[in-house]
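Before any comments, here is the structure.
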Amino acid sequence: MVIIMDTGAAADIIQAVIDKVSELGFTPHPIYGVEKTVVAVIGDKTQEKIEVLRTMPGVERIVPILQPFKLAARDVAPQGTEVDLGRGVTIGGQSLVMMAGPCAIESAEQYVAIGRYVRSAGAKVLRGGIYKPRTSPHDFQGLREDGIPLMRQIKEELDILLISEVLDPRGVELLADVVDIFQIGTRNMQNFSLLTECGRTEKPVVIKRGMCATLDDLLKAAEYVLVEGNNRVILCERGIRTFETQYRNTLDISAVPTLKRMSHLPVMVDPSHSAGRPDIVPALCKAAIAAGADGLLVETHLDPQGALVDGDQALDAPAFERLMRELEPFAHAAGRPL
Ligand code: PEP
Ligand code: MN
């Protein structure tokens with residue numbers, strides 16, 4: 001059930017409802033929106049017990065959530081959720097957020113140089129993994145803990161937000177200290193203990209759709225984070241496995257408007273892992289904007305041929321600059337400043 005509070009309901013009125021929910025033996029999940037606050041309540045027989053709240057001051061209405069994903073459902077926050085990423089940047093509102101950078105952090109020189117570059121080109125968030133989930137154990141696995149001081153250094157120097165993949169629950173605390181946004185990769189979308197651990201932090205979490213996962217599966221994964229009390233969840237379509245071999249994965253562009261209908265959470269698109277090649281990345285970015293994506297996650301590298309991971313799909317500096325220029329009128333046409 002979702003208790004929808006009156007627009008502008010005062011904090012003490014909302015708190016009284018939250019307290020009443022607890023008193024009835026349920027865990028309240030308040031979601032504070034810019035205008036409206038809703039309190040989601042999950043559990044058996046909620047409907048009959050929650051009915052008594054209908055007459056409490058500040059309660060506009062109570063609606064049942066019929067989907068298997070309760071807290072991620074659109075009905076919980078029909079106006080959509082804007083997630084605060086820090087440093088004045090939000091996603092899910094009007095602005096379109098560009099996150100860019102290398103697949104992996106390879107060295108201080110590489111990371112600082114590309115960081116400076118993507119920042120000057122207009123990206124708000126710098127990406128770069130130190131834990132890389134590689135298909136083969138013989139491939140470069142990332143700098144791991146050695147990458148943490150580099151992340152600290154770049155944050156100070158560039159005053160930029162950082163996103164990085166967290167591979168297992170043991171890495172959550174360590175990374176929380178330095179990154180602004182956790183990335184949960186396609187291979188880990190159903191790593192439930194990892195999702196739970198991220199849910200126990202207050203950091204925004206980008207959850208990439210599993211390469212063979214349905215949208216329902218993705219929203220149930222998001223639910224694992226939300227149910228722990230972390231409402232800062234962002235969904236990311238990054239391409240699914242199909243029979244087509246011309247590109248690495250198939251960008252399921254239909255996922256963007258469909259997820260928007262199903263859920264109140266912001267939706268991003270990663271065209272790089274969808275494509276696996278740089279030449280079609282700009283077209284996929286434009287399609288993502290047209291479909292209503294709230295953000296883009298693009299791999300860039302100053303020397304793609306020399307990259308230790310995913311060089312095949314990285315945009316080089318001139319291509320990224322061109323992309324940012326090309327996207328401007330598309331973003332403008334969609335009413336989304338970049
Ligand atoms: C990545 O972003 O570098 C990555 C490994 O992505 P995905 O989990 O989508 O494959
Ligand atoms: Mn990559």
Side-chain angles (χ1 to χ4, degrees), residues 97-106 110-111 114-115 118 123 125-137 139-144 147 151 161-168 171 175 179-191 194-195 198 204-213 215 217-218 221-222 225 233-242 247-253 255-256 259 267-278 280-281 284-285 288 293 295-316 320:
V97 180
M98 173 60 85
M99 306 188 186
C103 180
I105 300 174
E106 298 165 10
Q110 171 251 15
Y111 191 41
I114 190 72
V118 298
V125 182
L126 175 62
R127 62 153 291 147
I130 56 171
Y131 299 105
K132 293 309 301 174
R134 305 305 303 280
T135 305
S136 164
D139 290 335
F140 175 61
Q141 303 288 310
L143 293 183
R144 310 185 84 91
M151 288 177 146
L161 294 166
L162 302 184
I163 180 170
S164 197
E165 177 163 356
V166 59
L167 264 192
D168 77 71
L175 267 186
V179 304
D180 301 282
I181 308 163
F182 287 128
Q183 176 180 320
I184 293 193
T186 195
R187 294 159 189 83
N188 257 327
M189 188 203 82
Q190 287 184 313
N191 182 338
L194 178 61
L195 293 162
C198 288
V205 187
V206 169
I207 307 178
K208 291 194 166 192
R209 177 184 183 184
M211 59 188 90
C212 299
L215 300 184
D217 294 337
L218 172 60
V225 178
V233 177
I234 300 129
L235 308 167
C236 182
E237 162 61 35
R238 49 77 72 199
I240 50 175
R241 281 229 162 142
T242 69
Y247 20 83
R248 186 174 173 183
N249 292 285
T250 298
L251 177 65
D252 178 12
I253 200 72
V256 179
L259 284 171
V267 178
M268 294 185 64
V269 165
D270 171 348
S272 301
H273 292 84
S274 304
R277 45 190 269 188
I280 60 172
V281 165
L284 299 186
C285 287
L296 296 164
L297 183 66
V298 176
E299 284 191 346
T300 55
H301 200 287
L302 294 181
D303 172 25
Q305 259 107 54
L308 296 182
V309 195
D310 281 351
D312 290 350
Q313 65 199 30
L315 297 188
D316 62 14
F320 184 64

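Numbering of ligands and ligand atoms starts at 1, following listing order. Being a predicted model, the structure only gives us computed values, none of them experimental.
The minimum heavy-atom distance linking His273 with Glu299 is given by the pair CE1-OE2, 2.7 Å. Listed here is the closest heavy atom pair of Leu143 and Ile105: CG-O, 3.4 Å. The nearest pair of heavy atoms linking Met151 to Gly128 is CE-O, 3.8 Å. Smallest separation of non-hydrogen atoms from Ile234 and Met268: CG2-CG, 3.5 Å.
By the criterion of a heavy-atom distance under 4.0 Å, neither the backbone nor the side chain of Met211 is placed next to ligand 1.
Under the 3.5 Å distance criterion, the side-chain polar atoms of Ser274 are matched with a main-chain donor or acceptor of Arg238. Looking only at distances, a side-chain donor or acceptor of Glu237 sits under 3.5 Å from a matching main-chain atom of Gly239.
Atoms of ligand 1 lying under 4.0 Å from at least one heavy atom of Glu299, given by number and element, are 1 (C), 3 (O). Short contacts between ligand 1 and Gly185, defined as distances under 4.0 Å to a heavy atom of the residue, involve ligand atoms 8 (O).
Of the N or O atoms in Arg248, none lie within a sub-3.5 Å distance of an N or O in ligand 1. The distance criterion of under 3.5 Å between nitrogen or oxygen atoms is not met by Asp310 with respect to ligand 1. The shortest N/O to N/O separation between Thr186 and ligand 1 falls below 3.5 Å.
Here the protein heavy atom with the shortest distance to atom 4 (C) of ligand 1 is His273 NE2, 3.3 Å. The protein atom (non-hydrogen) at minimum distance from atom 10 (O) of ligand 1 is Arg238 NH2, 2.9 Å. In terms of protein heavy-atom proximity, atom 6 (O) of ligand 1 is closest to Lys208 NZ, 2.8 Å.
The residue among Met189, Arg127, Glu165 with a heavy atom at the shortest distance from atom 3 (O) of ligand 1 is Arg127.
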Handout entry: Stepwise salt bridge (Lys or Arg N to Asp or Glu O under 4.0 Å) check, Asp312 with Arg248
Key = CA-CA 10 Å; Asp312 290 350; Arg248 186 174 173 183; over 6 Å; no

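More than 12 heavy-atom neighbours from other residues, nucleotides or ligands sit within 6.0 angstrom of CZ on Arg277.
Atom OD2 is the N/O/S atom of Asp310 found closest to the Mn ion (ligand 2).
A heavy-atom separation below 4.0 Å is found between Cys103 and ligand 1. Heavy-atom separations between Gln183 and ligand 1 include at least one value shorter than 4.0 Å.
Remark: Leu195 CG to Asn188 CG distance equals 8.0 Å, nearest 0.5 Å.
In this structure, SG of Cys103 and OE2 of Glu299 enclose an angle of 90° at the Mn ion (ligand 2), rounded to 10°.
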